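The next block holds one structure in the form of structure tokens; read it before the comments.
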Number of protein chains: 2
Amino acid sequence: MNTNRKKNLDSNDAKEIAVTAVTQDAYSAKPAPRVVPTPSVRRLPLYLRLLRDYVAQGRETISCTRLAADLRFDPTQVRKDLALTGVVGRPKVGYPVAELIAAIEDFLGWRNPVNAVLVGVGSLGTALLGYNFSLHGVNIVGAFDAAPEKVGQVVHGREIMPIGYLTHFIQHRHIPMGILAVPAQAAQSVAEMMVAGGVRAIWNFTSAALQLPLDVLVERADFSASLAVLTRALAHGLAPTPPKIP
Amino acid sequence: MNTNRKKNLDSNDAKEIAVTAVTQDAYSAKPAPRVVPTPSVRRLPLYLRLLRDYVAQGRETISCTRLAADLRFDPTQVRKDLALTGVVGRPKVGYPVAELIAAIEDFLGWRNPVNAVLVGVGSLGTALLGYNFSLHGVNIVGAFDAAPEKVGQVVHGREIMPIGYLTHFIQHRHIPMGILAVPAQAAQSVAEMMVAGGVRAIWNFTSAALQLPLDVLVERADFSASLAVLTRALAHGLAPTPPKIP
DNA sequence: TAGATTGTTAATCGATTAACAATC
DNA sequence: TAGATTGTTAATCGATTAACAATC
């Protein structure tokens with residue numbers, strides 16, 4: 001009981017601060033939690049995806065039990081995650097599906113896409129330009145490449161601009177996000193150009209460890225972490241099932 | 001001290017079990033830890049990447065302090081992660097770079113690539129076929145697509161086969177890994193064909209929540225989790241820096 | 001009503017970070 | 001040698017899971 005004292009005090013502090021927040025910000029009935037767990041944020045798109053399926057099936061409410069089963073999550077975890085959106089469920093009934101969808105989209109900022117530039121129109125960059133991320137909160141409004149022969153080409157509706165224009169373009173159009181799809185050797189210098197232009201976040205598809213100001217958010221998206229998990233597992237105990245000869 | 005008792009007992013158990021493991025498996029001087037933390041496995045490729053740079057710079061040893069600084073990690077965390085590989089460092093000197101590289105590659109299974117099939121040769125699938133993952137533990141040895149007009153085409157050196165051949169191909173060639181790059185609606189059924197063929201792991205680039213036997217490892221690689229983190233942060237407090245007018 | 005399901009607090013679990021003796 | 005750096009244990013932190021009263 002004694003080692004828990006600190007933790008309990010923390011909980012009490014949190015409650016008090018939350019109450020204060022209500023006083024300060026009378027607009028929202030429920031104060032947003034001060035800090036949102038990143039794992040929860042990462043899971044929210046999974047719920048969103050399923051909720052859209054439920055709508056297509058004509059469901060109007062859904063229980064956390066069902067969501068949890070479909071995702072192989074713990075039901076309590078689902079309840080905690082959904083609570084972040086402020087939507088309340090009804091015992092015995094579940095959560096209103098349409099309301100949840102809207103609340104998650106709002107929570108993630110997917111209702112108001114931010115503009116982004118993409119640098120590096122190789123095969124991955126081309127694939128990214130082909131996606132429409134506008135329902136996922138991002139609009140790619142400019143594409144750049146260092147290769148002179150690529151500049152001027154139109155890929156998925158965007159004309160490729162020279163790297164030399166990058167910083168000015170970001171600055172001029174107040175672009176908050178950069179997508180890095182260049183070769184690893186070029187990553188650091190292109191990232192610096194992005195930051196010089198004023199981006200606040202970088203989606204980094206390269207394997208480079210970027211050295212940037214701490215207030216720039218870098219989200220790693222290179223494949224090596226996934227591959228490490230998969231290959232390590234396969235190399236140690238996850239052998240292929242013996243093929244069933246029919 | 002009393003709430004910690006359980007935890008301490010656990011540590012002791014671990015030690016005893018580890019000792020038992022040594023007795024059972026006399027080959028390795030240091031027994032591999034029973035369970036390897038996934039976050040550590042995900043970080044190992046980052047070290048590997050930096051270590052290769054250090055080699056290129058002519059370094060023969062590297063301290064965890066330096067690695068930690070370059071990656072903005074805690075030095076203790078780096079020591080813990082590197083300890084997984086079994087490589088020992090020398091106080092005041094650091095870790096031998098070449099040895100670490102080899103040990104990490106071994107640990108991840110990147111010295112002996114596993115075979116994989118890719119299904120869905122759209123823009124992302126094409127990009128993935130263009131990568132050479134053989135230094136990252138994976139060889140894509142077959143590509144499949146449902147569209148009859150794609151079948152027979154050669155993309156990055158692989159002839160696209162019809163989905164109908166998928167299960168047999170996996171079974172016949174003992175392929176342990178499948179890469180899912182199909183539209184979300186097709187994901188579940190293609191995944192089931194992969195499992196029917198005998199894959200033990202699936203690299204899932206779709207947003208679908210797959211319902212598969214629990215002993216099949218599914219590694220999620222769709223973009224929505226990353227996007228959620230980025231857009232949520234930008235929508236709440238990470239505004240673009242005001243452009244500095246020169 | 002009875003009981004499934006929510007919202008929330010407490011307990012557990014696991015990962016990260018701090019502390020420090022050993023040592024090169 | 002002196003002190004930077006390792007290896008490892010202990011402490012902290014944060015996320016997940018269990019428990020359970022409230023309630024529809």
Side-chain angles (χ1 to χ4, degrees), chain A residues 1-15 18 29-31 33-44 59 61-69 71-97 99-100, chain B residues 1-15 18 29-31 33-44 59 61-69 71-97 99-100:
Chain A
M1 202 192 264
N2 48 356
T3 29
N4 278 340
R5 188 142 19 114
K6 176 77 182 315
K7 209 170 273 185
N8 290 339
L9 282 177
D10 281 350
S11 302
N12 291 338
D13 288 352
K15 203 172 294 172
K30 244 187 194 177
R34 284 164 309 157
V35 67
V36 173
T38 305
S40 298
V41 174
R42 292 184 174 281
R43 284 188 296 263
L44 285 171
R59 297 198 63 109
T61 58
I62 191 75
S63 70
C64 71
T65 325
R66 174 65 191 279
L67 275 164
L71 288 164
R72 309 233 154 121
F73 289 171
D74 183 284
T76 304
Q77 183 169 70
V78 176
R79 287 203 289 282
K80 280 255 171 79
D81 288 344
L82 298 185
L84 290 174
T85 67
V87 172
V88 293
R90 293 201 319 190
K92 177 96 173 124
V93 177
Y95 298 86
V97 176
E99 216 179 299
L100 260 188
Chain B
M1 203 195 261
N2 46 356
T3 32
N4 277 340
R5 188 145 18 114
K6 176 75 183 316
K7 206 168 275 184
N8 289 339
L9 282 177
D10 281 351
S11 303
N12 291 338
D13 288 351
K15 204 172 292 171
K30 243 189 195 176
R34 286 164 308 157
V35 66
V36 173
T38 306
S40 298
V41 174
R42 293 184 174 281
R43 283 189 295 265
L44 285 170
R59 297 198 63 108
T61 58
I62 191 73
S63 71
C64 71
T65 325
R66 174 65 191 279
L67 275 165
L71 287 164
R72 308 233 154 120
F73 288 171
D74 183 284
T76 304
Q77 184 169 70
V78 176
R79 288 203 288 282
K80 280 254 171 81
D81 288 343
L82 297 185
L84 290 175
T85 66
V87 173
V88 293
R90 294 201 319 191
K92 178 98 171 116
V93 178
Y95 299 85
V97 176
E99 216 178 299
L100 260 188

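In what follows, every chain begins at residue 1, and chains take the letters A, B, ... in the order their sequences are listed. Computed from a predicted model, the values in this text were never measured in an experiment.
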Rounded to whole Å, CG of Leu84(B) lies from P of dG7(D) at a distance of 12 Å
Interatomic distance, OG@Ser40(A) vs CG@Leu84(A), rounded to 0.5 Å, equals 5.0 Å
Rounded to whole Å, the CZ-P distance (Arg72(A) to dT17(D)) equals 15 Å
Rounded to whole Å, the CG-C1' distance (Leu71(B) to dT16(C)) equals 16 Å
Could you tell me if the side chain of Val87(B) sits less than 4.5 Å from the side chain of Leu82(B), heavy atoms only?
no
The reported gap from CG in Leu100(A) to CD1 in Ile62(A) (rounded to nearest 0.5 angstrom) is 9.5 Å
dist Leu67(B):CG -> Arg79(B):CZ (nearest 0.5 Å) comes out at 11.5 Å
Of Phe73(A) and Thr65(B), the one whose closest nucleotide on DNA chain D sits nearer the 5' end is Thr65(B)
Under the rule of Watson-Crick or G-U wobble with both distances under 3.5 Å, where | means paired to another strand and [ ] a crossing pair, DNA chain D maps to ..||||||||||||||||||||||
Whole-Å distance, Leu100(A) CG to dT6(C) C1', equals 13 Å
Would you check if Arg66(B) and Arg59(B) make a side-chain contact, meaning some heavy-atom pair closer than 4.5 Å? yes
Review item, side-chain donor-acceptor pairs of residues 89-96 of chain A, under 3.5 Å, at least two apart:
none

Heavy-atom closest pair (Val41(B) atom, Val36(B) atom, distance to 0.1 Å) is CG2-CG1, 3.5 Å
Here the distance between atom P of dG14(C) and atom CZ of Arg42(B), to the nearest Å, is 17 Å
Heavy-atom nearest pair, Pro75(A) first then Cys64(A), reads O-SG, 3.9 Å
Check: Which part of the nucleic acid does Arg43(A) contact within heavy-atom distance under 4.0 Å: base, sugar-phosphate only, or nothing?
Finding: sugar-phosphate
To the nearest angstrom, the CG-C1' distance between Asp81(B) and dT6(D) comes to 15 Å
Per-nucleotide protein contact along nucleotides 18-24 of chain C, 5' to 3', at a 4.0 Å heavy-atom cut-off (B base, S sugar-phosphate only, - neither), is BB---BB
What one should report as the nearest heavy-atom pair of Ala68(B) and Asp74(B) is CB-C, 4.0 Å
